[in-house]
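Comments concern the structure below.
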Amino acid sequence: MPILTWLTRDEDLTAARRAPYRLLEEDGALGRGDPDAGNMLIQGDNLEALKALLPYYAGRVKCIYIDPPYNTRSAFEHYDDNLEHSRWLAMMWPRLELLRELLSEDGSIWVSIDDNEGHYLKVIMDEVFGRSNFILDISWKKRDGPPNDRTIASIHEHVLVWGKHRLLREKRTLAEERFNLMARTEKSNAQYQVFDEPSGPDPRGPFRKIDTTANGKGGRFVQSLFYPVTNPYTGEEVLPRQGTCWRHSKADMEKLQADGRLFWGAKGTAKTPMRKLFASEAKQGMTTPSVWDDVGYNQHASAEMEHIFGEKAAFETPKPEGLLQRIINIASNPGDIVLDSFLGSGTTAAVAHKMGRRYIGVEAGDHAVTHCAARLAKVIDGEQGGVSKALDWTGGGGFRFYRLGEPVFGEDGTVSPGIRFSALGAHIWFAETGQAPTSPPNGPVLGTGAERAVALLYNGVLGDRRPQGGNVLTRQTLAIIREHLPRDFDGELVVYGERSALTAPSLIRERIVFRQTPYDVKVRR
């Protein structure tokens, strides 16, 4: 597969591994509403924030939407969008790598971009997510008319979409298999009507007429699909129109005829029957098209911001809530996790909140407080802007506010002083399995799989630091560890601790792999 090269590519490919793992420190004064709602707003560099999320959310995020800087060579108030091309690619690559690790196997990532970097972004995301996992390039109509200062002017942006995983020989990614259909519209429902027929209206209700013929030109003609069909009202034998053949085999056509599923016109004299697709048989939703001109424009988003904050929008090109509602509705269900690591004005989090999704939003600047947190507080209070009325939103829920804390590991790889058991345990479990823990550890056992369990002796989890009852693997501490294992567990046991008092033959006999902290704590980088 072709790859894109740039000046600092080799260095940028390792940037995600070099980024430190940091703790997330909650600021309770900036949180709002129900703290157990499962929603997070993080202030800090999004590369380090994504790295901090890995031990807890790897493989758990269902929908990622990002609206990164477009590299348009113009200065915006809240971030520098004037990045040289190589710097822009250097900024995006490691963040895309971490976002992929956070995405669930049936998850999808949606990226807003324009023509300045869109085609380069497509190439590097094909490399990170896999070209076979590319789903679609959606054209979003961002304004109702072209600007007058150009001879040919763009009125759309791209929303590029990838899934994470595609099963072998399957046409669609797992994400597409899980996508939700769009709600049916009055226009689509109007296609289903009650038609007059010689024997009266069909008692099965309204239907839509589907062509029974297919284009037979260009080598697509199939001889077995060229046969006569008898009109039951006139007795006439009809053949497919010139240059076509039937879509159905003769046996299937006879079944349709016997079941009254062929429409021969109001008087029964049609030369080509149409197949009936009843409204009761139609999909309960609609396939999403690749051109979106019905989810709001940039000026609508600016008006939404002004409505929320009572002043002119602080962001030049915020995204309308209708755009995010469409994406979140297709790509997730209530309770799923939605992530935006370029949160900007907070639209993704606000819409996810109103739609009953859990969300994680990351922003680096002061407006994480002045705009994002303030906007979410208004959502909790029941603000009626954007999509609130369409969703019957009346308020509720909550979020927690976090900042990036100290690194979990020092530059030499040792554990930083004061790191809590739960924090180190999450990182060790992620290092061993590549997945986030599904629940907080109960005692020294971090988790179990079919063939392996992982335990940690750290910070006096067993009561004290003495060899007979603390961070050292002894017969006593081993017995306590085994008490926390499932009774039927018969696999390998990985134990992290300060040292082991058991002999090497004993470890082999007990099927134990001992790793010493801090020296053997190797978190994936």
Side-chain angles (χ1 to χ4, degrees), residues 21-26 35-36 38 40 52-60 337 358 400 402 405-409 413-524:
Y21 283 93
R22 294 186 179 276
L23 294 176
L24 293 174
E25 296 182 348
E26 184 175 2
D36 298 322
M40 302 175 66
L53 290 167
L54 278 182
Y56 307 96
Y57 291 96
R60 296 178 58 190
I337 300 175
R358 292 181 292 161
R400 294 186 175 193
Y402 296 85
E406 66 173 308
V408 177
F409 305 97
T414 60
V415 181
S416 298
I419 297 299
R420 298 183 302 274
F421 174 87
S422 58
L424 182 60
H427 284 80
I428 287 176
W429 178 256
F430 177 67
E432 290 285 340
T433 67
Q435 295 291 323
T438 56
S439 60
N442 178 21
V445 175
L446 304 179
T448 59
E451 299 179 353
R452 180 174 53 167
V454 183
L456 171 63
L457 302 174
Y458 177 73
N459 270 6
V461 66
L462 300 184
D464 59 55
R465 298 176 181 271
R466 293 177 299 166
Q468 64 268 31
N471 298 340
V472 176
L473 180 60
T474 64
R475 287 291 176 188
Q476 182 178 354
T477 55
L478 176 59
I480 297 174
I481 290 173
R482 292 206 181 277
E483 287 177 0
H484 287 80
L485 293 172
R487 292 187 175 217
D488 58 349
F489 178 76
D490 189 35
E492 180 182 75
L493 175 61
V494 179
V495 180
Y496 284 79
E498 288 183 2
R499 68 180 179 86
S500 172
L502 302 184
T503 64
S506 295
L507 293 175
I508 295 173
R509 187 169 53 253
E510 296 281 355
R511 298 182 67 188
I512 295 173
V513 175
F514 181 77
R515 306 197 199 281
Q516 188 177 19
T517 54
Y519 310 108
D520 288 335
V521 178
K522 295 182 175 65
V523 179
R524 297 194 307 169

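For Tyr56, the side-chain contact (heavy atoms from CB on, under 4.5 Å) test picks out Ala423, Ala426, His427, with sequence neighbours left out. Not counting sequence neighbours, the partners of Ser416 by the side-chain contact (heavy atoms from CB on, under 4.5 Å) test are Glu406, Ile419. Not a single side-chain hydrogen bond (donor to acceptor under 3.5 Å, both in side chains) links Arg358 to another residue, sequence neighbours left out. In terms of the side-chain hydrogen bond (donor to acceptor under 3.5 Å, both in side chains) criterion, Ser439 has no residue partners (sequence neighbours excluded).
Between the side chain of Arg22 and the backbone N or O of Ala52, no donor-acceptor pair lies under 3.5 Å. Using a distance-only test at 3.5 Å, with no hydrogens or angles considered, a donor-acceptor pair links the side chain of Gln516 to the main chain of Glu498.
Of all heavy-atom pairs between Tyr57 and Met40, the closest is OH-SD, 3.3 Å. Nearest heavy-atom pair across Ala58 and Gln435 is O-OE1, 3.4 Å. The minimum heavy-atom distance linking Ile428 with Tyr496 is given by the pair CG2-CE1, 3.4 Å. Of all non-hydrogen atoms in Val472 and Thr477, the two that sit nearest each other are O-OG1, 3.0 Å. Listed here is the closest heavy atom pair of Thr474 and Leu502: C-CD2, 4.1 Å.
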Report all side-chain donor-acceptor pairs from residues 480-494 shorter than 3.5 Å, counting only partners two or more places apart or in another chain.
{"from": "Arg482", "atom 1": "NH2", "to": "Glu510", "atom 2": "O", "distance (Å)": "3.1"}
{"from": "Arg482", "atom 1": "NH2", "to": "Glu510", "atom 2": "OE1", "distance (Å)": "3.3"}
{"from": "His484", "atom 1": "ND1", "to": "Ile480", "atom 2": "O", "distance (Å)": "2.9"}

With a cut-off of 3.5 Å and sequence neighbours excluded, list every side-chain donor-acceptor pair involving residues 448-456.
{"from": "Arg452", "atom 1": "NH1", "to": "Glu432", "atom 2": "OE1", "distance (Å)": "2.8"}
{"from": "Arg452", "atom 1": "NH2", "to": "Glu432", "atom 2": "O", "distance (Å)": "2.8"}

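Within the 4.5 Å cutoff, no side-chain heavy atoms of Tyr402 are placed close to those of Leu23. A 4.5 Å side-chain heavy-atom check between Leu507 and Leu473 finds at least one atom pair inside the cut-off.
We find the CD1-CG distance between Ile512 and Leu478 to be 4.5 Å, quoted to the nearest 0.5 Å.
Among residue pairs with one or both ends in residues 415-427, none qualify as salt bridge (Lys or Arg N to Asp or Glu O under 4.0 Å); sequence neighbours excluded. Among residues at least two apart or in separate chains, there is no salt bridge (Lys or Arg N to Asp or Glu O under 4.0 Å) pair with a member in residues 436-448.
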Going through the checks in order, is the side-chain contact (heavy atoms from CB on, under 4.5 Å) test met by Phe421 and Leu446? CA-CA 10 Å; Phe421 174 87; Leu446 304 179; 4.0 Å; yes

